[in-house]
Amino acid sequence: MQPIHTLHDFFVRTGAEVRAYHLGRRAESCSLETLAEFEAGELPWPYPWQSQARISLVFRLGDVSDPLIWFLALPLDEQGQLVPASRDAFLQRLLETLGRSVQQVGRSEPDESIENRMKDNPLAFTPSLHFQAMLHARASHDMGKPASPHLEPVEAYLSGQQVLDWRALGLQGLADFAVRLDEEASRELAGQLSALPNEVFTSLCYCLEHVDIPDTLALAIQDRGESAAADGKIEAFCACVRAISGAAMAGEWFDTLLEDSNACGPDLLAAMAGRGWRHLEHAERLPRFLTRLAETPQADFAAVARDLAVIPRLRLPVLMALREAAPDSAIGRRLAGLGH
């Protein structure tokens, strides 16, 4: 019998029905092939967050009807590769608990032993409520299950077909709406955005940041964001920047914002780096972003630059931009202050 060295091995051996999800920068599907290659040291984690591979494993064992969910934050080295010691220790404790009954889990062995392993697991973490809602929406959709009962009133409210008290809308309904957003619903939503209360709009944006959206909807969100910026509503403005990160046109708005030194506060730059990192993979935009980051005293330049440099597709461009910065530039002065 082959030994179990990785999480992927464990699920293969137990015969579990398992789905993996990224929970670092966005809540989105992760292929099991990616997990296997990452654990084998063949692949850096594609979407690291704060030097961790944050992942959710949603699995069903044997005849058990309700899936179990693990939230794991696996430590990464500075090149985005797995630091395996903590993962190995977790697997060892898990296997010691199950003994020789790995293949019988979910059949003759109760699942409490697996769930209990997460209670004292140093790798476990608790995602934010928005991440939890988006994971539930994605997993239900991927498994062919119906959306939560909260979706119907959200659809009626956002389409303008029914007047409801917005305070009765559930976060899970907004997440289900975002995951199931199609072209027609996007058009309807774009026409309703300007009338939404700030509380609903901001919560919706925090869900939309996890999905790809068409440019028509993104432009409507941009309009609302520019109005929020003019009114000094920083949270709503940054929520808009995060929400359009899944649109093709986001880079153009980023360029406009980065040209305006008054717009580039630490919250905006964090929103761009955290959710719009794909749009920083650009020969001119990335150095401009790093320059604005360096020029912003309240921003943690080292932390944000380091976090971006762990993303595989950004690692070399970030390092090159830092290396090529003139000593008397904003980036050069920041690096000098760090002792480089």
Common cluster, Leu280/Leu319, ILVMFWY with side-chain heavy-atom separation under 4.5 Å: no
Please list, chain by chain and in numerical order, all residues satisfying side-chain contact (heavy atoms from CB on, under 4.5 Å) with Glu155, sequence neighbours excluded. Leu151, Phe177
Taking the side chain as everything from C-beta on, heavy atoms only, tell me whether His136 gets closer than 4.5 Å to Gln172. yes
Please go through Leu316's hydrophobic cluster and name the other residues, only I, L, V, M, F, W, Y counting, with side-chain heavy atoms under 4.5 Å joining them. Met320
Where do Ile331 and Pro287 come nearest, in terms of heavy atoms and distance? CD1-O, 4.3 Å
Between Trp70 and Phe11, is the gap from one ring center to the other below 6.0 Å? yes
Using a 6.0 Å cut-off, check whether atom CD of Glu252 has over 12 heavy atoms from anything other than its own residue. no
How long is the gap from OG1 on Thr14 to CZ on Arg60, to the nearest 0.5 Å? 13.0 Å
With the side chain counted from C-beta on, respond yes when Asp142 and Ser29 share a heavy-atom pair under 4.5 Å apart, and no when they do not. yes
Nearest-0.5 Å distance that lies between atom CG in Leu208 and atom CG in Leu204: 4.0 Å
Look only at the side chain of Ser245 and the backbone of Arg275, and say whether a donor-acceptor pair between them is shorter than 3.5 Å. yes
Where the side chain of Asp231 meets the backbone of Lys233, is there a donor-acceptor pair that is under 3.5 Å apart? no
Please determine whether the number of non-hydrogen atoms from other residues, nucleotides or ligands lying under 6.0 Å from atom NE2 of His130 exceeds 12. yes
If I take atom OH from residue Tyr21 and atom CG from residue Leu35, how far apart are they, to the nearest 0.5 angstrom? 13.5 Å
Look at the side chain of Asp182 and the backbone N and O of Ala185, then say whether any donor-acceptor pair between them is shorter than 3.5 Å. yes
Check the pair Leu181 / Asp212 against side chain to side chain contact (heavy atoms under 4.5 Å, CB included), numbers first and verdict last. CA-CA 9 Å; Leu181 190 67; Asp212 295 336; over 6 Å; no
Taking only residues two or more places apart in sequence or in another chain, which ones pass salt bridge (charged side-chain N to carboxylate O under 4.0 Å, His left out) with Glu259? Arg288
Are Val58 and Phe125 co-members of a hydrophobic cluster defined by side-chain heavy atoms under 4.5 Å apart? yes
Not counting sequence neighbours, which residues clear salt bridge (charged side-chain N to carboxylate O under 4.0 Å, His left out) with Arg313? List them please. Glu281
Please check: side-chain N/O of Asp307 versus main-chain N/O of Ala303, any donor-acceptor pairing under 3.5 Å? no
Return all side-chain donor-acceptor pairs below 3.5 angstrom for residues 187-201, not counting sequence neighbours, or 'none' if the list is empty.
residue	atom	partner	partner atom	Å
Arg187	NH1	Glu183	OE2	3.4
Asn198	OD1	Arg224	NH2	2.8

Of the non-hydrogen atoms in Ser261 and Arg292, which two are nearest, and what is the gap between them? CB-NH1, 3.4 Å
Mind checking who shares a hydrophobic cluster with Val12, ILVMFWY linked at side-chain heavy-atom distances under 4.5 Å? none
Which residue pairs pass the salt bridge (Lys or Arg N to Asp or Glu O under 4.0 Å) test with at least one member in residues 123-141, sequence neighbours excluded? none
Within a reach of under 6.0 Å around CD of Glu152, are more than 12 heavy atoms found that belong to other residues, nucleotides or ligands? no
CG/Leu308 to CG/Leu290 distance, rounded to the nearest 0.5 angstrom? 7.0 Å
Start with the C-alpha distance between His282 and Phe254, add both sets of side-chain angles, then the distance that settles ring pair (Phe, Tyr, Trp, His ring centres under 6.0 Å), and finish with yes or no. CA-CA 11 Å; His282 186 279; Phe254 284 14; over 10 Å; no
Is there a donor-acceptor contact under 3.5 Å from the side chain of Arg285 to the main chain of His279? yes
Just list the side-chain donor-acceptor pairs under 3.5 Å for residues 234-244, sequence neighbours left out, or say none.
residue	atom	partner	partner atom	Å
Glu235	OE2	Tyr206	OH	3.3
Arg242	NE	Glu209	OE1	2.8
Arg242	NH2	Glu209	OE1	3.3
Arg242	NH2	Glu209	OE2	3.0

How far apart are the C-alpha atoms of Leu57 and Ile69, what are their side-chain angles, what is the distance that settles it, and do they pass the side chain to side chain contact (heavy atoms under 4.5 Å, CB included) test? CA-CA 6 Å; Leu57 296 163; Ile69 302 177; over 6 Å; no
Given the rule in the salt bridge (Lys or Arg N to Asp or Glu O under 4.0 Å) test, do Arg93 and Glu96 qualify, once you have shown the distances and angles that lead to the verdict? CA-CA 5 Å; Arg93 290 196 303 271; Glu96 287 173 353; over 6 Å; no
Between SG of Cys30 and CZ of Arg54, what distance do you get to the nearest 0.5 Å? 15.5 Å
Check: Arg26 side chain, Val211 main-chain N or O, donor-acceptor pair, under 3.5 Å: yes
Taking Glu78's backbone N and O only, do any of them form a donor-acceptor pair with Arg315's side chain (distance below 3.5 Å, no angle check)? yes
Listing, residues 41-50 side-chain donor-acceptor contacts under 3.5 Å, not counting sequence neighbours, or none:
residue	atom	partner	partner atom	Å
Tyr47	OH	Arg278	NH2	3.4

Residues forming a salt bridge (charged side-chain N to carboxylate O under 4.0 Å, His left out) with Arg333, sequence neighbours excluded: none
Glu324: partners by salt bridge (charged side-chain N to carboxylate O under 4.0 Å, His left out), with sequence neighbours left out: none
Please walk me through it: do Val179 and Met134 pass side chain to side chain contact (heavy atoms under 4.5 Å, CB included)? CA-CA 8 Å; Val179 166; Met134 288 301 298; 3.6 Å; yes
Please confirm whether the backbone N or O of Pro127 pairs with a side-chain atom of Gln132, one donor and one acceptor, at under 3.5 Å? yes
Check the pair Cys207, Leu171 against side chain to side chain contact (heavy atoms under 4.5 Å, CB included), reporting the backbone distance first and the verdict last. CA-CA 9 Å; Cys207 294; Leu171 173 59; 4.0 Å; yes
Output yes when Arg180 and Asp176 qualify as a salt bridge under the 4.0 Å nitrogen-oxygen rule, no when they do not. yes
Quick one: pull up CG in Leu76 and OG in Ser51 and give me the separation to the nearest 0.5 Å. 6.5 Å
All side-chain contact (heavy atoms from CB on, under 4.5 Å) counterparts of Ala283, not counting sequence neighbours: none
